[in-house]
Amino acid sequence: MTRTGGRILVDQLELNGVELAFCLPGESFLSVLDALYDSPIRLVSCRHEQGAANAAEAYGKLTGRPGVCIVTRGPGATQAAVGVHTARQDSTPMLLLVGQVPRAFRGREAWQELDYERAFGSIAKAAWEVDAAERIPEHVARAFTVALSGRPGPVVLSLPEDVLSEEADVRDAEPPSIEQVGPGADDLARLAELLTAAERPLVVVGEGGWTANTGADVLAFCEANDLPVASAFRCQDFVDNRSPCYVGVLGVAMDDRLAARLRDADLVLAIGGRLGEVPTRRYTLVEPPRPRQTLIRIHPDPDELGLVYEPDLAIASSLPVFASALRDLDPFAARWKDWSEAARADYEANLLHEPMEGPVDLGEIMAFLRRRLPADAVQTCGAGNFTVWAHRFAEFRRFGTQACPRSGSMGYGVAAAIAAKLVHPDRIALCFTGDGDFVMSSPEFATAVQYELPIVVLLVNNGMYATIRMHQERQFPGRVIGTELENPDFAALAQAYGGVGERVERTEDFEAAFERALASAVAYRELVPKGAAATNP
Ligand SMILES: Cc1ncc(C[n+]2csc(CCOP(=O)(O)OP(=O)(O)O)c2C)c(N)n1
Ligand SMILES: [Mg+2]
């Protein structure tokens with residue numbers, strides 16, 4: 001039986017367990033849209049490719065499965081690039097499917113033509129073009145394999161228009177199974193040896209295929225041995241923050257006491273993550289290439305283990321398999337109790353805050369949210385100084401409740417909250433955003449309204465790009481330029497989109513306003529006359 005390339009593609013996505021895809025429609029992939037018409041895959045059509053790509057990235061973070069984003073050629077693809085970059089930096093599996101000019105036009109710089117292999121060469125984990133409908137199953141299987149194996153990441157598939165519309169008789173490919181390698185007995189013996197010799201060890205958990213069980217296993221090991229464990233930037237939901245062993249996040253504006261602990265640790269056991277610029281405070285706390293600390297690195301991708309640092313012990317292993325082996329190790333003679341307890345005490349002290357000047361105290365508001373939010377609420381954000389409060393004062397209990405860009409990209413939070421609400425319709429999806437950040441992602445507020453996804457957006461409006469202003473005033477005092485913002489009335493904007501909007505001007509008014517926000521589904525739908533012609537005049 002023959003099928004169109006579009007149908008073959010959609011069948012292949014279904015076989016790989018895809019249940020949701022984000023798109024911004026384009027004429028270059030009409031046959032994919034047509035195949036989706038009959039498919040159980042839910043299609044969410046966004047308002048900007050940035051939003052579609054960010055939502056797909058967040059889906060990948062929340063589920064561990066590749067988020068699928070479908071966009072049109074040239075401008076569609078370049079607008080989606082930001083989500084691909086985040087997926088790359090954040091090690092998130094993702095599939096960007098892009099329309100391409102017909103095969104016969106390639107190389108002419110035809111309309112909206114782009115060489116995706118070159119354009120996405122350093123952004124995606126891999127990017128390539130499919131050259132015939134009959135090879136779509138093979139290419140999709142390869143795309144899922146590459147997105148999920150080793151260090152997860154984004155894959156870009158370029159799909160020429162005529163490949164999608166041509167018919168082919170081809171069998172589907174089996175969904176790939178990703179081999180999970182584990183640590184060898186020698187690795188674990190050496191790890192035990194190094195750890196036994198350590199006086200001030202610190203475990204750091206980071207991205208690269210984390211799961212809820214991984215967090216539970218790592219924590220069980222830490223608790224059995226009084227080992228302090230810190231999370232890398234925006235990996236705060238990797239272990240239960242209420243564990244006596246959890247000691248905080250190595251993020252932007254990290255607690256100096258935690259920074260000192262990482263610097264002064266004599267052994268760092270890095271499970272996942274890259275010990276990148278943010279968690280190491282610009283590579284000062286753990287200095288490449290040969291850190292002061294004894295360094296043990298665990299990562300599923302052997303390539304990653306040789307980058308930047310010279311570890312004392314490098315173990316190529318899937319993180320879940322490693323964590324489960326770690327849990328089974330015999331307990332160490334616990335000598336780290338004082339070190340661990342002191343770190344935990346600092347973390348708890350850092351959750352408290354000095355009252356802030358002015359009528360709205362973000363520390364107070366965060367303290368309220370810490371009490372109020374259920375353990376399964378999903379928090380999202382973009383970039384800005386407001387995130388410092390959101391990260392410092394939040395407590396995460398479960399994996400898959402923080403969907404924030406480790407890439408530090410603005411404009412992510414609203415789309416991520418949409419993805420969260422689609423994955424977990426019964427949970428609260430709370431987006432922290434700033435006045436700059438929100439305007440960048442506000443088109444997707446319309447998507448939330450259209451698909452009746454009652455996300456809650458908490459917008460910190462300070463009339464400026466404060467992060468940049470802060471650095472500007474430090475480095476170039478008295479020479480403020482380009483960082484002030486003249487803003488719309490955000491509450492009215494939310495209403496205009498068909499949502500609910502409120503302005504809170506005093507700390508004491510927040511609680512009631514927040515409860516009203518939770519209670520209000522995005523119910524209002526504007527009525528538009530039917531029958532507006534879909535054809536050209
Ligand atoms: C896509 C993108 N563009 C620019 C930046 C640089 N940047 C980081 S934070 C920030 C300001 C964000 O402003 P706002 O959302 O108002 O947050 P505030 O810092 O005022 O709390 C900017 C411009 C970025 N991180 N990402
Ligand atoms: Mg601002």
Side-chain angles (χ1 to χ4, degrees), residues 1-46 49 52-53 55-57 59-60 63-73 76-77 80 84 87 92-103 116 124-149 152-178 419 422-423 451:
M1 192 193 66
T2 64
R3 292 173 289 175
T4 63
R7 172 77 57 189
I8 297 169
L9 176 69
V10 169
D11 286 348
Q12 205 62 50
L13 294 178
E14 282 177 29
L15 275 173
N16 278 280
V18 174
E19 51 190 7
L20 189 61
F22 299 92
C23 84
L24 201 138
E27 61 275 50
S28 58
F29 59 93
L30 284 173
S31 53
V32 178
L33 288 173
D34 187 60
L36 284 166
Y37 187 88
D38 309 307
S39 164
I41 295 176
R42 183 167 185 199
L43 184 70
V44 174
S45 188
C46 295
E49 285 87 355
E57 203 281 344
Y59 176 92
T63 64
R65 301 286 309 157
V68 174
C69 176
I70 319 174
V71 297
T72 199
R73 45 206 196 183
V84 178
T92 308
M94 176 177 169
L95 217 55
L96 180 72
L97 305 172
V98 192
Q100 174 64 304
V101 303
R103 283 166 292 188
Y116 300 108
K125 186 173 174 187
W128 70 87
E129 196 154 290
V130 178
D131 54 6
E134 65 185 18
R135 293 194 57 200
I136 288 175
E138 172 194 340
H139 282 296
V140 173
R142 179 174 151 206
F144 273 84
T145 305
V146 174
L148 285 163
S149 66
V155 172
V156 179
L157 272 193
S158 158
L159 300 153
E161 193 180 308
D162 58 330
V163 167
L164 292 174
S165 57
E166 78 177 354
E167 301 251 344
D169 184 1
V170 60
R171 78 165 184 86
D172 291 317
E174 288 295 316
S177 74
I178 309 300
L422 287 161
V423 174
Y451 287 87

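Note: hydrogens, waters and symmetry copies are ignored here, and every other heavy atom, side chains too, is used.
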Starting at [atom1] of [X], measure out to [atom2] of [Y] and round the result to the nearest 0.5 Å.
X      : Y      : atom1 : atom2 : value
Leu159 : Asp131 : CG    : CG    : 11.0 Å
Leu15  : Asp172 : CG    : CG    : 5.0 Å
Arg171 : Ile8   : CZ    : CD1   : 13.0 Å
Ile136 : Leu9   : CD1   : CG    : 5.5 Å

Determine the minimum heavy-atom distance between [X] and [Y], stating which atoms define it.
X      : Y      : answer
Phe29  : Leu24  : CZ-O, 3.3 Å
Pro93  : Leu148 : CB-CD2, 3.9 Å
Ser158 : Pro160 : O-CD, 3.5 Å
Ala147 : Pro66  : CB-CG, 4.3 Å
Ala77  : Tyr116 : CB-CE2, 3.5 Å

**Request:** Assess whether side-chain contact (heavy atoms from CB on, under 4.5 Å) is satisfied between Arg7 and Asp38, documenting all intermediate values.
**Result:** CA-CA 10 Å; Arg7 172 77 57 189; Asp38 309 307; 3.0 Å; yes
[X] (side chain) donor-acceptor with [Y] (main chain) under 3.5 angstrom:
X      : Y      : answer
Gln12  : Ala173 : yes
Tyr59  : Arg65  : no
Arg3   : Ala133 : no
Asp162 : Pro102 : no

Find out whether [X] and [Y] are in side-chain contact, i.e. whether some heavy atom of one side chain is under 4.5 Å from a heavy atom of the other.
X      : Y      : answer
Leu95  : Leu13  : yes
Phe144 : Val155 : no
Thr4   : Glu167 : yes
Ile70  : Leu33  : no
Val10  : Tyr37  : no
Leu164 : Ser28  : no
Glu129 : Val163 : no

What residues form a salt bridge (charged side-chain N to carboxylate O under 4.0 Å, His left out) with [X], not counting sequence neighbours?
X      : result
Asp34  : none
Glu19  : none
Arg142 : none

**Complete:** side-chain hydrogen bond (donor to acceptor under 3.5 Å, both in side chains) test vs Arg73 passes for just one of Gln100, Glu27, Glu161, namely Glu161
**Heavy atoms of other groups near Glu134 CD, more than 12 under 6.0 Å** = no
Restricting to side chain to side chain contact (heavy atoms under 4.5 Å, CB included), what partner residues turn up for [X], sequence neighbours left out?
X      : result
Ala87  : Glu57, Thr92, Met94, Pro154
Ala52  : Phe22, Cys46, Cys69
Ser149 : Lys125, Ile178

